[in-house]
Amino acid sequence: AANACDESVLKKDSITEKRYTCNCSINTSDTNRANLEKILRSCGGFRVNSGGIRKIGVAVAGTIVRAIVDKNDFIASEPFTYTSKLSGDNLINAVFGKFVDPASGYQISSAPPRISLVDEASDGERKAVNITYDSVISQTQAQRLMEISRRLGRYQGTGKVRLRGH
């Protein structure tokens with residue numbers, strides 16, 4: 001995950017920046033989970049439990065890590081859930097976000113919204129979410145995270161399955 005965060009990405013002005021940085025204070029009076037969520041929100045991160053080992057991943061395009069090849073990969077005693085289509089209430093076609101802006105004295109500022117007019121027309125209305133990235137000090141990083149959230153909000157099929165660790 002750290003390597004993906006440290007990769008340079010090109011901005012529109014032809015300047016590069018690290019894909020993700022986390023710029024926050026960790027409060028020891030907060031729970032470990034709350035502190036981890038603050039860090040994960042700054043990189044589109046997610047938690048993975050693989051074979052009893054806890055790992056984190058970040059939002060970056062990648063290849064399939066492991067293919068499910070036969071029925072023995074599944075743990076039969078664990079539930080399997082699948083939903084082929086989300087209800088319209090769960091779809092997202094616009095994301096409005098805020099980030100910590102160094103240019104305004106590190107105050108919370110609005111980033112340009114990420115809106116899909118095509119999806120909005122398909123949905124018949126704007127379905128927006130508001131997200132504050134209080135550990136992000138780059139407008140372009142905030143916009144990358146907002147676009148990831150908007151696209152994830154369009155996924156129709158969702159499933160959850162428990163696999164054996166190999």
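Qualifying side-chain contact (heavy atoms from CB on, under 4.5 Å) partners for Ala94, counting only residues two or more places apart in sequence or in other chains: Phe96, Ile115, Arg126, Ala128. For Thr81, the side-chain contact (heavy atoms from CB on, under 4.5 Å) partners are Lys160, not counting sequence neighbours. Listed by chain and number, the residues in a side-chain hydrogen bond (donor to acceptor under 3.5 Å, both in side chains) with Ser8 amount to none (sequence neighbours excluded). For Arg154, the salt bridge (Lys or Arg N to Asp or Glu O under 4.0 Å) criterion is met by Asp119, Asp123, not counting sequence neighbours.
In plain terms, the two heavy atoms of Val58 and Cys5 that are nearest each other are CG1-SG, 3.7 Å. Minimum interatomic distance between Met146 and Pro113 (heavy atoms only, all atoms of both residues): CE-CA, 3.7 Å. When all heavy atoms of Asp101 and Ser109 are compared, the closest pair comes out as CB-OG, 3.4 Å. The two residues Phe99 and Ala111 have their closest heavy-atom pair at CD2-CB, 4.0 Å.
Applying the salt bridge (Lys or Arg N to Asp or Glu O under 4.0 Å) test to residues at least two apart or on different chains, the pairs with a partner in residues 13-23 are Glu7-Arg19, Glu17-Arg144. For the salt bridge (Lys or Arg N to Asp or Glu O under 4.0 Å) condition, the pairs that include at least one residue of residues 22-43, sequence neighbours left out, are Glu37-Arg47, Arg41-Asp134.
Distance check: Asn130 CG to Lys98 NZ gives 7.5 Å after rounding to the nearest 0.5 Å. Note that CG of Asn23 and CD1 of Ile137 are 4.0 Å apart. Values are rounded to the nearest 0.5 Å. Here the OG atom belonging to Ser116 is positioned 12.5 Å from the CD1 atom belonging to Ile92, to the nearest 0.5 angstrom.
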Q: Take Thr31 and Leu36 through the side-chain contact (heavy atoms from CB on, under 4.5 Å) test and state the conclusion after the steps.
A: CA-CA 9 Å; Thr31 65; Leu36 180 59; over 6 Å; no

Q: Kindly indicate, with the supporting measurements, whether the criterion side-chain contact (heavy atoms from CB on, under 4.5 Å) is fulfilled by Thr132 and Ile108.
A: CA-CA 8 Å; Thr132 298; Ile108 298 287; 4.2 Å; yes

Q: Output, in order, the C-alpha distance, side-chain angles, deciding distance and verdict of side-chain contact (heavy atoms from CB on, under 4.5 Å) for Cys22 and Ile39.
A: CA-CA 6 Å; Cys22 180; Ile39 294 167; 4.0 Å; yes

Q.
Go through it in stages, so that I can follow the logic: the residues are Thr21 and Ser42, the test is side-chain contact (heavy atoms from CB on, under 4.5 Å), and I'd like the CA-CA distance, side-chain angles, deciding distance and then a yes or no.
A. CA-CA 7 Å; Thr21 63; Ser42 72; over 6 Å; no

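Counting only distance, with no hydrogens or angles, the side chain of Ser122 and the backbone of Val118 share no donor-acceptor pair below 3.5 Å. The closest donor-acceptor contact from the side chain of Asn93 to the backbone of Lys127 lies under 3.5 Å.
Using a 4.5 Å cut-off on side-chain heavy atoms (C-beta onward), Val136 and Leu145 make contact. Under the 4.5 Å side-chain criterion, counting only non-hydrogen atoms from C-beta, Glu125 is not in contact with Glu120.
By the criterion of side-chain heavy atoms lying less than 4.5 angstrom apart, applied directly or through intervening Ile, Leu, Val, Met, Phe, Trp or Tyr residues, Tyr155 is grouped together with Ile148 in one hydrophobic cluster. Cluster annotation: Ile56 and Tyr133 are assigned to distinct hydrophobic clusters (Ile/Leu/Val/Met/Phe/Trp/Tyr, side-chain heavy-atom contacts under 4.5 Å, transitive).
Heavy-atom contacts from other residues, nucleotides or ligands closer than 6.0 Å to CG of Asn27 number more than 12.
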